[in-house]
Protein chains: 2
Amino acid sequence: MNIYEVAERAGVSIATVSRVINRSAKVSSATRAKVEKVLEEMEYTPSAVARSLATNATRLVGILCADNRDPAFAESIFYAEQTLAAEGYDCLMGNATGDLKQKDYYIKGLLERKADGVLMFGASFEDEGEQNLLRLAAKRMPVVMVASSTKAKEVYQVTSKEDMAVASIVKGLALSGHKHFAYLYDATSPSARIKLNGFERGLEESGLGGANGAAVRVAKGFHGGFTGARWLIDHGLFFTALLTSEDALAAGALKALIQSGRRVPDDVCVFGHNNSELCLCTEPSLSSVDNRMEELARLGVRTLQSAMNSSKKPLQVAQIPAKIVQRDSSVPFDVE
Amino acid sequence: MNIYEVAERAGVSIATVSRVINRSAKVSSATRAKVEKVLEEMEYTPSAVARSLATNATRLVGILCADNRDPAFAESIFYAEQTLAAEGYDCLMGNATGDLKQKDYYIKGLLERKADGVLMFGASFEDEGEQNLLRLAAKRMPVVMVASSTKAKEVYQVTSKEDMAVASIVKGLALSGHKHFAYLYDATSPSARIKLNGFERGLEESGLGGANGAAVRVAKGFHGGFTGARWLIDHGLFFTALLTSEDALAAGALKALIQSGRRVPDDVCVFGHNNSELCLCTEPSLSSVDNRMEELARLGVRTLQSAMNSSKKPLQVAQIPAKIVQRDSSVPFDVE
DNA sequence: CTGAAAGCGCTAACAT
DNA sequence: ATGTTAGCGCTTTCAG
């Protein structure tokens with residue numbers, strides 16, 4: 001059921017068939033009707049692959065993300081997918097959580113499939129090998145990284161200043177009299193490191209030494225937060241403020257703290273990160289930092305779109321401020 | 001940078017280049033080396049679209065889902081994507097949340113792109129038009145529906161008996177003496193309706209009339225659950241057991257109940273649905289029904305794989321039992 | 001072991 | 001307005 005069979009059955013040339021399919025040129029309404037009838041009858045479906053080969057254009061964009069299960073990324077992917085679909089782009093999705101080999105697989109795949117562009121959510125490209133891969137990709141199609149950064153300057157980047165927000169929280173709490181901080185994080189990705197940096201910078205800028213802040217790497221999710229907080233408690237570490245790199249971590253920590261008799265926020269203030277719906281569900285509700293993923297996703301998609309239309313090159317790097325959301329797990333303070 | 005340029009630079013024919021690229025046939029190690037060197041130098045990337053046209057095979061599978069933001073679907077997508085990627089399949093993802101037109105867009109797209117198969121998560125195809133679409137798709141590639149059902153019997157289906165679990169909860173609670181039930185749901189999709197049916201069947205089979213169970217449609221998420229429960233309370237509806245179609249709904253309801261002075265589980269037992277991580281985060285922790293999405297996803301992927309390899313046709317329809325998970329938001333009872 | 005040549009299904013000049 | 005034809009980049013007989 002290709003264009004030839006249609007042409008034959010309709011008694012016209014393949015060019016004409018192609019024309020009616022694509023509305024590309026004038027076709028007399030008589031032949032048009034004739035062809036369309038055959039199209040219907042045969043349940044003809046054009047071959048996108050043949051078309052792509054002929055036109056050298058796929059309407060395909062890659063969505064590479066660190067983990068589509070992360071609610072923030074899921075939200076971004078959803079938005080990106082729906083927006084791009086509305087413009088007739090299809091999304092090839094991949095989770096590049098792992099090592100270089102995995103990233104290589106996805107990037108090469110997109111290159112081979114001649115994708116029109118890539119949108120990355122939280123995918124980290126740190127070392128030399130990864131950056132080279134990124135450059136290779138950027139040479140052939142626009143690459144937009146959302147919520148993660150890289151030294152490779154060939155790619156577009158949009159991030160929010162989460163580290164500033166974290167630092168601001170520490171400073172705000174310090175001004176309120178807090179002197180002993182703890183930080184729970186679950187990954188060592190660049191963006192995770194950036195948040196951690198914010199924590200440490202906050203301490204420094206508050207005139208507090210490293211001894212005032214314990215940063216502990218824990219397992220992912222509620223369980224990681226729970227056991228992490230238990231560990232802190234069991235080891236007798238004293239802290240009146242607990243920050244985390246993830247809401248689920250904070251939710252777990254919250255449970256552990258309360259089970260151990262701590263009052264939140266009176267004894268210890270707790271902060272999550274990402275401002276997910278989870279924050280509303282805990283008791284007390286969770287203060288968090290809103291990294292404004294929707295904004296980032298929006299900006300990322302727009303950037304990719306204009307880059308693909310190669311109309312005007314947008315900025316290489318964009319940053320928007322993150323927002324601190326104070327709820328019941330912390331005592332209110334002013335943010336400078 | 002196509003196969004011709006490579007052939008020329010290496011002083012061989014394109015057939016030979018094709019052979020070394022695909023390791024398809026014997027090539028003397030001398031020429032092989034020569035060709036591979038050129039491949040490297042030119043940073044040659046094969047064209048998947050040309051290859052697909054020639055071989056009539058894309059390694060592409062569609063992942064159509066109701067909403068990739070739903071944690072359960074996100075988990076499934078992740079699993080499916082990683083598993084398929086390991087076998088060299090790329091995933092075209094789409095959210096077919098909406099009307100027929102949207103589903104049509106995705107299905108036709110997959111057909112045009114000559115996808116090798118489709119995996120659907122929670123996507124509903126109810127009415128005549130949608131079912132015809134499904135049939136059209138199934139005629140050309142294997143279609144596997146996970147966590148949703150349809151009357152169209154041309155597609156593979158794997159679901160869990162969530163309705164049975166819901167009914168069992170109602171019956172279990174009824175045996176414990178509960179007489180007044182409420183049910184909060186946020187959608188009218190087939191699978192949502194099935195759950196609701198379970199609720200109603202549970203009442204019936206407990207010898208309770210419809211007057212003993214109020215089913216209310218509410219907005220999505222925590223907020224929907226919160227306002228829904230408030231509505232029930234404000235309207236003076238008495239109930240000692242509250243079931244929901246979603247954990248987030250239950251989380252919201254939980255807050256509202258507790259704020260209004262109800263003790264959970266003493267005054268009212270609350271059940272979520274999906275057994276997400278959220279259940280651990282609430283206070284008290286949330287009882288829920290585990291629809292075993294991971295199992296379903298696993299089964300769905302396996303089904304698709306074997307259907308694509310057309311080795312042996314697996315069963316058309318598979319069902320696995322769902323599990324009731326009792327936590328602190330309900331008083332323990334025995335499940336028959 | 002290697003090369004020549006015919007397609008895969010479609011688009012896009014270029015004719016008519 | 002419609003038809004002819006030459007690719008698009010690759011795979012795959014079929015010869016040699």
Side-chain angles (χ1 to χ4, degrees), chain A residues 1-39 42-60 88 108-116 140-141, chain B residues 1-39 42-60 88 108-116 140-141:
Chain A
M1 49 207 88
N2 57 23
I3 218 177
Y4 287 91
E5 301 183 32
V6 176
E8 194 173 4
R9 284 259 290 251
V12 299
S13 75
I14 60 164
T16 299
V17 176
S18 176
R19 287 187 187 107
V20 353
I21 291 171
N22 301 299
R23 312 160 164 53
S24 54
K26 254 76 269 255
V27 176
S28 82
S29 53
T31 43
R32 149 157 323 230
K34 203 167 47 180
V35 172
E36 277 174 340
K37 183 153 155 290
V38 177
L39 252 22
M42 306 183 65
E43 286 189 340
Y44 169 81
T45 307
S47 162
V49 6
R51 188 200 314 248
S52 288
L53 185 58
T55 59
N56 189 31
T58 63
R59 299 205 50 118
L60 194 65
K108 294 282 172 59
L110 289 171
L111 255 21
E112 295 186 4
R113 285 194 194 275
K114 301 258 176 299
D116 293 335
R140 324 224 189 172
M141 61 190 172
Chain B
M1 50 209 89
N2 56 23
I3 220 179
Y4 287 91
E5 300 183 32
V6 175
E8 194 174 3
R9 284 258 292 251
V12 299
S13 75
I14 61 165
T16 300
V17 176
S18 176
R19 289 188 185 106
V20 353
I21 292 173
N22 300 300
R23 311 160 165 53
S24 54
K26 253 76 268 256
V27 176
S28 81
S29 54
T31 43
R32 151 157 320 226
K34 206 166 47 178
V35 172
E36 277 175 339
K37 184 154 153 291
V38 176
L39 251 23
M42 305 184 65
E43 286 189 337
Y44 170 81
T45 307
S47 162
V49 5
R51 186 198 315 244
S52 288
L53 185 58
T55 60
N56 188 30
T58 61
R59 299 208 47 118
L60 194 65
K108 293 281 172 61
L110 289 172
L111 255 21
E112 295 186 4
R113 287 194 193 276
K114 302 260 178 294
D116 293 335
R140 324 227 190 171
M141 61 191 172

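Here the structure is a predicted model, which is why all the values come from computation and not from measurement. Below, chains carry the letters A, B, ... as their sequence lines are ordered, and counting in each starts from 1.
Note: B:Leu53 CG to A:Arg51 CZ = 13.0 Å, rounded to the nearest 0.5 Å. Atoms NZ and CG, on B:Lys114 and B:Asn56 in that order, are 7.5 Å from each other to the nearest 0.5 Å.
The number of heavy atoms from other shown groups lying within 6.0 Å of CE (A:Met42) is above 12.
Shown here for B:Asp116 and B:Arg59, the closest heavy-atom pair between the two residues is OD2-CA, 3.3 Å. The minimum heavy-atom distance linking A:Met1 with A:Glu5 is given by the pair N-OE2, 3.0 Å.
End-to-end axis angle of the helix from C:dC1-D:dG16 to C:dT16-D:dA1, using five pairs per end and rounding to 10°, comes to 40°.
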Exercise for the section: Dump the intermediate steps for side-chain contact (heavy atoms from CB on, under 4.5 Å) on A:Met141 and A:Leu110, then the final yes or no. Expected result: CA-CA 10 Å; A:Met141 61 190 172; A:Leu110 289 171; 4.0 Å; yes

Query - A:Arg113 and A:Thr58: CA distance, side-chain angles, deciding distance, side-chain contact (heavy atoms from CB on, under 4.5 Å) verdict - result: CA-CA 8 Å; A:Arg113 285 194 194 275; A:Thr58 63; over 6 Å; no

Exercise for the section: Give the C-alpha distance, both sets of side-chain angles, the deciding distance and a yes or no for side-chain contact (heavy atoms from CB on, under 4.5 Å) between A:Asn2 and A:Val6. Expected result: CA-CA 6 Å; A:Asn2 57 23; A:Val6 176; over 6 Å; no

What do the steps show when you test A:Thr16 against A:Arg32 for side-chain contact (heavy atoms from CB on, under 4.5 Å), and what is the final call?
-> CA-CA 8 Å; A:Thr16 299; A:Arg32 149 157 323 230; over 6 Å; no

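Looking only at side-chain heavy atoms (C-beta outward), A:Lys37 and A:Arg9 stay at 4.5 Å or farther from each other. The shortest side-chain heavy-atom distance between A:Val12 and A:Lys34 falls under the 4.5 Å cut-off. With contacts defined as side-chain heavy-atom distances shorter than 4.5 Å, the pair A:Tyr44/A:Ile21 qualifies.
For the contact set between residues 4-15 of chain B and DNA chain D, defined by any heavy atom under 4.0 Å, the members are B:Tyr4, B:Ile14, B:Ala15. The stretch residues 48-58 of chain A comes close to DNA chain D through A:Leu53, A:Ala54, each having a heavy atom under 4.0 Å from the strand.
With A:Ile3 as the partner, the side chain to side chain contact (heavy atoms under 4.5 Å, CB included) test is satisfied by one option alone out of A:Ser47, A:Pro46, A:Ser18, A:Ser13: A:Ser18.
With the nearest nucleotide of DNA chain D identified for both B:Pro46 and A:Thr16, A:Thr16 has the one nearer the 5' end.
Considering only residues two or more places apart in sequence or on other chains, B:Thr31 meets the side-chain hydrogen bond (donor to acceptor under 3.5 Å, both in side chains) condition with B:Ser28.
The backbone N or O of B:Ala57 sits less than 3.5 Å from a side-chain atom of B:Ser52, completing a donor-acceptor pair.
Heavy-atom contacts of chain B under 4.0 Å fall on DNA chain C between two terminal nucleotides, which in 5' to 3' order are C:dC1 to C:dG9. For DNA chain D, the contact window with chain A, defined by any atom under 4.0 Å from a protein heavy atom, covers D:dA1 to D:dG9 in 5' to 3' order.
At the heavy-atom level, B:Ser18 lies under 4.0 Å from base atoms of the strands shown.
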